[in-house]
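One structure is given below, encoded as structure tokens.
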Amino acid sequence: MGTASQASTLADVIGRYRFAYLMTTNAQGAPHSVMVSAVLQDDELVVSGFGRRTRENAAARPAVGVVWPPKAESEHSLIVDGSATIVGDSLRIAPTRAVLHRSAPRDPPDPSVSCGSDCVELGFGTPRRTP
């Protein structure tokens with residue numbers, strides 16, 4: 001995938017991943033995840049092909065997460081938090097946070113940073129290390 005320092009925006013990195021997991025929660029707060037394909041259109045993620053449970057969860061609790069797993073353990077996962085809206089047969093997710101994450105110590109370790117892993121917050125502009 002290349003190094004995280006080469007990333008600049010969600011649009012720059014999303015094409016490097018093959019599939020994602022969409023995570024919603026049910027009325028009891030239990031997580032529900034499904035494998036999906038998500039594309040970026042007009043600054044929103046668009047997801048199709050999900051089922052009844054995902055639709056019901058997202059309609060009632062629009063805060064969702066989407067995780068693209070890395071191809072190899074040494075690479076970053078892409079994690080996007082957002083607010084979902086159902087539009088026809090699709091789910092449109094307005095991202096509120098995007099981060100590249102991998103479980104690897106920082107080099108050199110920085111005790112002033114709360115994330116102990118190798119994380120790069122994408123936001124929607126220039127990347128910056130997560131605090």
Side-chain angles (χ1 to χ4, degrees):
M1 179 175 108
T3 65
S5 63
Q6 295 171 323
S8 60
T9 66
L10 178 58
D12 291 334
V13 300
I14 196 169
R16 299 176 187 166
Y17 297 87
R18 298 178 314 154
F19 63 91
Y21 293 97
L22 170 64
M23 294 172 293
T24 60
T25 55
N26 68 17
Q28 293 74 38
H32 174 70
S33 62
V34 294
M35 191 170 76
V36 297
S37 291
V39 295
L40 195 59
Q41 290 180 349
D42 302 323
D43 296 326
E44 291 184 317
L45 294 171
V46 179
V47 177
S48 302
F50 50 87
R52 173 189 52 82
R53 188 172 303 151
T54 298
R55 175 181 290 278
E56 290 171 359
N57 288 347
R61 289 160 300 283
V64 300
V66 186
V67 177
W68 288 261
K71 293 178 183 174
E73 231 178 280
S74 62
E75 295 180 350
H76 290 82
S77 294
L78 171 59
I79 304 168
V80 176
D81 297 329
S83 181
T85 304
I86 296 172
V87 179
D89 291 335
S90 296
L91 196 64
R92 295 190 70 89
I93 302 168
T96 56
R97 184 168 188 245
V99 66
L100 292 170
H101 176 275
R102 69 178 167 185
S103 294
R106 292 177 179 269
D107 189 24
D110 184 352
S112 68
V113 177
S114 63
C115 180
S117 297
D118 181 11
C119 301
V120 176
E121 188 163 343
L122 297 176
F124 303 100
T126 304
R128 57 187 168 86
R129 293 278 178 190
T130 56

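Everything numeric in this text was worked out from a predicted model, so none of it was measured.
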Handout entry: Donor-acceptor pair, side chain of Arg102 and main chain of Glu73, under 3.5 angstrom
Key = no
Exercise for the section: May I have the step-by-step check of side-chain contact (heavy atoms from CB on, under 4.5 Å) for Leu10 and Leu78, ending in yes or no? Expected result: CA-CA 9 Å; Leu10 178 58; Leu78 171 59; 3.9 Å; yes
Problem - Nearest atoms (heavy-atom pairs only) where Gln41 meets Val46 - result: OE1-CG2, 3.5 Å
Handout entry: Validation row: His76, Pro70 side chains within 4.5 angstrom (heavy atoms)
Key = no
Practice task
Give me the one residue out of Leu22, Ile14, Leu91 that meets side-chain contact (heavy atoms from CB on, under 4.5 Å) with Val66.
Solution key: Leu22
Practice task
Please name the pair of heavy atoms, one in Asp89 and one in Arg55, separated by the smallest distance, quoted to 0.1 Å.
Solution key: CA-NH2, 3.7 Å
Practice task
Kindly indicate whether the side chain of Asn57, heavy atoms from C-beta on, has any atom under 4.5 Å from the side chain of Met23.
Solution key: no
Problem - For Phe19 against Trp68, the heavy-atom pair lying closest together - result: O-CD1, 3.1 Å
Handout entry: Pairwise side-chain contact, Val36 with Thr54, heavy-atom cut-off 4.5 Å (strictly under)
Key = no
Problem - Exceeds 12 heavy-atom contacts within 6.0 angstrom, atom CZ of Arg53 - result: no
Problem - Side-chain touch Leu40/Leu45, heavy atoms, less than 4.5 angstrom - result: yes
Practice task
Please examine the side chains of Lys71 and Arg16, heavy atoms only from C-beta on, and report whether any two atoms are closer than 4.5 Å.
Solution key: no
Problem - Thr96 side chain to Asp81 backbone, donor-acceptor under 3.5 Å - result: yes
Fill in the blank from the handout: Residue set satisfying salt bridge (charged side-chain N to carboxylate O under 4.0 Å, His left out) with Arg18, at least two apart, ordered chain then number -> none
